[in-house]
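First up is the structure itself, then whatever we jot down about it.
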Amino acid sequence: MKAIVNVSLKAGVLDSQGKAVHHALESLHFNGVKDVRVGKQIVLQLDCDDKKTALADVTKMCEDLLANTVIEDYEIELV
């Protein structure tokens, strides 16, 4: 089973990397972009067939290591 984890900054947290990308896009004349938020995607190949167990394990991974839950949110997709 594969788990896809998308991590992004919480609303209200300054995204300096997103601001830099937004500025660069404007410099390249992509003026229709209103805002940019940069995040990360982590793809895990799991040795597990039970979705409930996989979700619990990946949630624990996110809480312990993959996301800084003080300033970041995460979403998990199991495929």
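The shown structure was predicted, so the numbers you read here are calculated from the model rather than taken from an experiment.
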Is there a side-chain contact between D57 and L55 (heavy atoms, below 4.5 Å)? no
Nearest-0.5 Å distance that lies between atom CD in E72 and atom CG in L9: 5.5 Å
Closest heavy-atom contact between V33 and H22? O-NE2, 2.8 Å
Compare all side-chain heavy atoms of L46 with those of V58 and state whether any distance is below 4.5 angstrom. yes
Indicate, with yes or no, if V7 and L78 share a hydrophobic cluster defined by side-chain heavy-atom contacts under 4.5 Å among Ile, Leu, Val, Met, Phe, Trp and Tyr. yes
Reference residue I76; test side chain to side chain contact (heavy atoms under 4.5 Å, CB included); the match among I42, L66, T59: T59
Starting from I4, can I reach M1 by hopping between I/L/V/M/F/W/Y residues whose side chains sit under 4.5 Å apart? no
Would you find more than 12 non-hydrogen atoms of other residues, nucleotides or ligands less than 6.0 Å from D49 atom CG? no
Distance, nearest 0.5 Å, that separates CD of E63 from CG of N68: 10.5 Å
pair V43-K2: side-chain heavy atoms closer than 4.5 Å: yes
Measure across A54 and C48 and return the closest heavy-atom pair with its distance rounded to 0.1 Å. N-SG, 3.9 Å
E75 atom CD: more than 12 heavy-atom contacts under 6.0 Å: no
Got L28 and E26 here, is their nearest side-chain heavy-atom distance under 4.5 Å? no
Please name all residues satisfying side-chain hydrogen bond (donor to acceptor under 3.5 Å, both in side chains) with Q41, sequence neighbours left out, ordered by chain then number. N6
Once you round to the nearest 0.5 Å, how far does CG of D35 lie from CG of D15? 8.0 Å
Group every Ile, Leu, Val, Met, Phe, Trp and Tyr by side-chain heavy-atom contacts under 4.5 Å, then state whether L65 and V70 land in the same group. no
Do you know which two heavy atoms are closest between T69 and C62, and how far apart they sit? CG2-O, 4.5 Å
Step through the shown structure and confirm whether more than 12 heavy atoms of other residues, nucleotides or ligands are within 6.0 Å of NZ on K10. yes
Atom NZ of K19 and atom CZ of R37: how far apart are they, to the nearest 0.5 Å? 8.0 Å
